[in-house]
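Note sheet for the following structure.
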Amino acid sequence: MNDDIQSLKTSLLNYYHDHLPEYVDPQISDLTAISDGWETEVYSYSLRQGDGDPHQLILRMYPGVNRVNKSTHEFAVMCQLHAQGYPVPEVLHHCVEVEWLGKPFVLMEKINGTPLGTLMEENPHQMSEYVTRFFQMYVQLHSLDPQPFMDFGPQPRTPEAFLPSKLLMTYNVMVEQFQQLWVVPILEWLDHHSNRVQQPASLSVLHSDFHPLNILMDQDDQLYAIDWGSLEVGDYRHDLAWTLMLISAHGHPEFYDPMLAEYDRVAGQPSADMPFFDVLAALWRLFDVQVSLDQGGEALGMRPEVVALIREQADSIQQVYERLQNRSGLVVPEIETLIKQL
């Protein structure tokens with residue numbers, strides 16, 4: 001065991017002793033880093049009490065700016081989702097005091113399962129079944145009552161509050177904050193088209209990073225959704241466009257149309273105005289990439305390692321840019337230069 005893991009294990013065990021006295025004679029083993037994501041550090045470990053059987057748990061740590069709010073947000077929304085019967089891991093403890101592990105963290109049950117995206121790659125003959133179950137779970141999320149989630153951060157209170165023109169105000173603030181002037185023509189395109197976008201019938205609970213690698217299937221074929229740090233309330237098409245962008249950009253551009261069709265089939269209604277939301281999703285992804293490369297991932301509350309991860313994903317970033325071009329007709333020289341430099 002390397003020194004960093006040993007130190008983390010000792011600190012976590014001290015936390016159990018000092019703050020969780022209900023755990024009798026806690027013993028931690030098999031502490032292992034399992035995360036390669038953009039925003040959090042994730043470890044799995046075994047916890048045994050005395051001579052009892054070990055339990056598999058997850059330690060999720062939050063680096064970067066706004067880390068206390070992010071950890072508090074994810075813990076609260078997962079508690080609410082679990083209470084409503086939506087399939088998520090059960091969260092157990094939350095700590096915002098950084099003196100213990102150096103960062104705020106959440107402890108939760110571990111789902112011993114396989115990412116649905118991995119199963120899709122390994123079992124192409126079952127792709128249709130997996131895709132249908134994926135979108136059934138997605139539509140279930142978007143059909144939840146959003147009201148219990150309204151208190152988790154500044155959320156829109158009515159469908160009118162989530163009109164595209166209102167949403168674009170947030171982007172304008174971020175352009176000024178991070179000095180990304182290349183975004184301005186895209187925002188102007190979005191603003192020009194926003195008054196034609198059909199208003200949603202109701203608001204939905206959004207995951208904001210719902211993709212097959214964030215869905216786990218356990219040994220009983222039950223699905224669970226993970227990674228809830230960005231949950232918000234809004235127009236479900238914003239969520240859906242992000243999902244379709246991620247799937248299309250990571251080697252499967254041909255999946256966009258059939259997957260959109262399957263979502264609509266499961267939901268029982270067509271998703272109108274998706275090109276508008278495709279541009280929004282592409283803009284957000286490219287904005288994250290450009291700011292992270294310019295100012296470091298920490299500027300957006302991500303892990304420092306995100307810059308290296310971005311550089312490994314040049315092809316997917318190119319796909320995102322092409323999607324933006326195809327939907328809007330815009331050329332963004334700054335993004336073209338970025339891609340050439342990756």
Side-chain angles (χ1 to χ4, degrees), residues 38 153-201 203-204 206 208-209 230 232-249 253 256-257 260 270-297 299-302 310 313-314 316-342:
W38 284 30
Q155 304 290 358
R157 299 292 171 169
T158 65
E160 292 79 10
F162 200 79
L163 286 171
S165 57
K166 301 281 188 180
L167 177 66
L168 295 181
M169 295 173 61
T170 300
Y171 284 80
N172 280 309
V173 169
M174 296 192 72
V175 170
E176 294 180 7
Q177 179 181 354
F178 293 100
Q179 293 298 300
Q180 300 294 316
L181 299 181
W182 60 272
V183 172
V184 172
I186 305 173
L187 290 178
E188 290 174 347
W189 183 94
L190 289 165
D191 185 55
H192 177 72
H193 290 81
S194 63
N195 61 350
R196 306 174 191 173
V197 175
Q198 180 178 320
Q199 183 177 329
L203 295 176
S204 297
L206 313 183
S208 299
D209 200 23
S230 300
E232 59 183 343
V233 173
D235 189 321
Y236 82 91
R237 293 169 295 181
H238 200 172
D239 215 12
L240 179 58
W242 182 265
T243 295
L244 296 174
M245 177 198 68
L246 290 179
I247 294 172
S248 300
Y256 181 94
D257 289 335
L260 173 58
S271 298
D273 304 308
M274 285 303 295
F276 179 89
F277 291 92
D278 289 340
V279 172
L280 268 179
L283 168 59
W284 194 257
R285 186 64 159 187
L286 295 173
F287 182 88
D288 282 351
V289 167
Q290 183 71 285
V291 171
S292 295
L293 292 176
D294 283 350
Q295 304 176 28
L300 294 172
M302 299 179 184
I310 288 172
Q313 299 178 3
S316 68
I317 296 167
Q318 174 70 38
Q319 290 287 334
V320 172
Y321 177 55
E322 290 177 2
R323 175 61 50 81
L324 184 145
Q325 285 186 299
N326 292 337
R327 296 295 191 261
S328 68
L330 296 172
V331 174
V332 186
E334 293 87 345
I335 297 300
E336 294 185 353
T337 299
L338 177 153
I339 292 171
K340 291 177 182 177
Q341 293 175 346
L342 290 176

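Numbers for residues simply follow the sequence, beginning at 1.
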>> Could you walk me through whether I247 and Y256 satisfy the side-chain contact (heavy atoms from CB on, under 4.5 Å) test, starting with their C-alpha distance in whole Å, then the side-chain angles of each, then the deciding distance to 0.1 Å, before giving a yes or no?
In response: CA-CA 8 Å; I247 294 172; Y256 181 94; over 6 Å; no
> V289 and V320: side-chain contact (heavy atoms from CB on, under 4.5 Å), yes or no, with the steps?
Replying inline: CA-CA 11 Å; V289 167; V320 172; over 6 Å; no
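Side-chain contact between W284 and H238: absent, with no pair of heavy atoms (C-beta onward) separated by less than 4.5 Å. Side-chain atoms of D288 and I310, non-hydrogen and from C-beta on, never get closer than 4.5 Å to each other. Residues H193 and V197 fail the side-chain proximity criterion, which asks for heavy atoms closer than 4.5 Å. Taking the side chain as every heavy atom from C-beta outward, L260 and S271 approach each other to under 4.5 Å. Within the 4.5 Å cutoff, side-chain heavy atoms of D235 are placed close to those of F277. By the 4.5 Å heavy-atom criterion applied to side chains, Q319 and S248 are not counted as neighbours. Counting heavy atoms from C-beta outward, W182 and L286 have side chains that approach closer than 4.5 Å. Using a 4.5 Å cut-off on side-chain heavy atoms (C-beta onward), L244 and M274 make contact.
Of the inter-residue distances, the one linking W189 atom CH2 with S194 atom OG reads 10.0 Å to the nearest 0.5 angstrom. Considering CG of L338 and CG of D294, their distance stands at 8.0 Å, rounded to 0.5 Å. For the atom pair CD1 (I317) and CZ (R285), the distance works out to 7.5 Å, reported to the nearest 0.5 Å. The structure places CG of L324 at 8.5 Å from CD1 of I335, a figure rounded to the nearest 0.5 Å. Expressed to the nearest 0.5 Å, how far CD1 of I186 lies from CD of Q180 amounts to 11.0 Å. For the atom pair Q318 CD and E322 CD, the distance stands at 4.5 Å (nearest 0.5 Å).
When all heavy atoms of Y236 and P270 are compared, the closest pair comes out as OH-O, 4.0 Å. Taking both residues in full, the closest heavy atoms of V279 and S328 are given as CG2-CB, 4.1 Å, listed atom of the first, atom of the second, then distance. Contact record, Y321 with I339: CB-CD1, 4.0 Å, taken as the closest heavy-atom pair.
Heavy-atom neighbours of Q198 CD from other residues, nucleotides or ligands within 6.0 Å: at or below the threshold of 12.
In this structure, the side chain of S230 does not engage the main chain of S208 through any donor-acceptor pair within 3.5 Å.
Within the structure, salt bridge (Lys or Arg N to Asp or Glu O under 4.0 Å) pairs that include any residue of residues 326-342 comprise D278-R327 (at least two apart or interchain).
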